[in-house]
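Scope of the values below: all heavy atoms of this structure, side chains included, with no hydrogens, waters or symmetry mates.
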Amino acid sequence: MASERTYIMVKPDGVERGLVGEIVKRFEVKGFKMLAIQMFKPSEEHLKEHYKDLAQKPFFPKLVSYMLSAPVVGMVWEGKGVVATGRKMLGETNPAASAAGTIRGDYCIDVGKNLCHGSDSVESAEREISLWFPNGVTNWARGFDSLIYE
């Protein structure tokens, strides 16, 4: 199996609304393997590094302020096609454009409070994983992968 990793983060609104477990459940039920999970209260500098590709956007200051408003939960997931599939599971950045059955389609309304972040490429995932989990993650062999993958 060609496996990859992704970084999924539950944003402050998802943490405060008690949706962390629901988001974890969806990834587990899908068949992806969790390698790390941690609650963070990131600094402004840490968030600016995470979102550096958006620094020139007009909404950037508001995004950073929102991300500082409460803790976030960072996770690393592993599996075949986890980056693309994870983003499909999250739904569109704008929840109004998200299909029912996606996390954003089911649980949020406005783009400024869209519950979660998901890496947009394998390269971004590896950068984000290194940023949020500088000490590494737990790599482990799951016994029932043969029930999920061909």
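- Here Arg142 pairs with Asp145 in a salt bridge; the nearest charged N to carboxylate O distance falls below 4.0 Å.
- For Glu4 (side chain) and Val83 (main-chain N/O), a donor-acceptor pair under 3.5 Å exists by modelled atom type.
- A distance of 4.5 Å separates CG of Leu35 from CD of Glu78, quoted to the nearest 0.5 Å.
- Between Tyr149 and Phe144, the distance separating the two ring centers is not shorter than 6.0 angstrom.
- Counting heavy atoms from C-beta on, the side chains of Glu28 and Trp77 come closer than 4.5 Å.
- In this structure, NZ on Lys113 lies 9.0 Å from CD on Glu16, to the nearest 0.5 angstrom.
- Phe133 and Gln38 get closest at one heavy-atom pair: CE2-CB, 3.9 Å.
- Checking side-chain atoms of Ser69 against main-chain N and O of Tyr66 turns up a donor-acceptor pair under 3.5 Å.
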Exercise answer: donor-acceptor pairs, residues 88-100 side-chain atoms, under 3.5 Å, sequence neighbours excluded:
residue: Asn94; atom: OD1; partner: Ala96; partner atom: N; Å: 3.0
residue: Ser98; atom: OG; partner: Glu92; partner atom: N; Å: 2.8
residue: Ser98; atom: OG; partner: Glu92; partner atom: O; Å: 3.1

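- Remark: Ile109 CD1 is loosely packed, at most 12 non-hydrogen atoms of other residues, nucleotides or ligands lying under 6.0 Å away.
- Contact check for Arg104 versus Cys116: side-chain heavy atoms found under the 4.5 Å cut-off.
- The main-chain N or O of Leu68 is found under 3.5 Å from a side-chain atom of Lys41 such that the two form a donor-acceptor pair.
- One hydrophobic cluster holds both Val82 and Val24 under the rule that ILVMFWY side chains link at heavy-atom gaps under 4.5 Å.
- Within the 4.5 Å cutoff, the side chain of Ile23 has no heavy atoms near those of the Tyr107 side chain.
- Side-chain contact check for Leu115 versus Leu19: some heavy-atom pair is nearer than 4.5 Å.
- Note that the CG atom of Asp106 and the CD atom of Glu22 stand 8.0 Å from one another [nearest 0.5 Å].
- Contact of the Lys11 side chain with the Val73 side chain is not registered, since no non-hydrogen atoms from C-beta on lie closer than 4.5 Å.
- Phe40 and Val64 end up in the same hydrophobic cluster when Ile, Leu, Val, Met, Phe, Trp and Tyr side chains are linked at under 4.5 Å.
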Open item on the list: Quick one, Leu63 with Lys57, criterion side chain to side chain contact (heavy atoms under 4.5 Å, CB included). Give me CA distance, side-chain angles, the key distance, then yes/no.
Closed with: CA-CA 10 Å; Leu63 171 64; Lys57 300 288 186 181; over 6 Å; no

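- Note that CG of Asn114 is 11.0 Å distant from CD1 of Ile103, once rounded to the nearest 0.5 Å.
- Interatomic distance, Met9 CE to Ile37 CD1, rounded to the nearest 0.5 Å: 13.0 Å.
- In terms of hydrophobic clustering, with Ile, Leu, Val, Met, Phe, Trp and Tyr side chains grouped at heavy-atom distances under 4.5 Å, Leu47 and Val111 are assigned to different clusters.
- Thr138 pairs by the side chain to side chain contact (heavy atoms under 4.5 Å, CB included) definition with Trp140, not counting sequence neighbours.
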Identify every side-chain donor-acceptor pair in residues 125-132 under 3.5 Å, counting partners at least two apart or on other chains, and give the distances.
residue: Glu126; atom: OE1; partner: Arg5; partner atom: NH2; Å: 2.5
residue: Glu126; atom: OE2; partner: Arg5; partner atom: NE; Å: 3.2
residue: Arg127; atom: NH1; partner: Glu49; partner atom: O; Å: 3.3
residue: Arg127; atom: NH2; partner: His50; partner atom: O; Å: 3.0
residue: Glu128; atom: OE1; partner: His117; partner atom: NE2; Å: 3.0
residue: Glu128; atom: OE1; partner: Ser119; partner atom: OG; Å: 2.5
residue: Glu128; atom: OE2; partner: His117; partner atom: NE2; Å: 3.2
residue: Ser130; atom: OG; partner: Glu126; partner atom: O; Å: 3.1
residue: Trp132; atom: NE1; partner: His50; partner atom: ND1; Å: 2.9

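- Contact detail for Val15 and Val72: the closest heavy-atom pair is CG2-CA, 3.9 Å.
- Remark: of the listed residues His46, Glu45, Glu44, Glu44 is the sole one forming a side-chain hydrogen bond (donor to acceptor under 3.5 Å, both in side chains) with Lys48.
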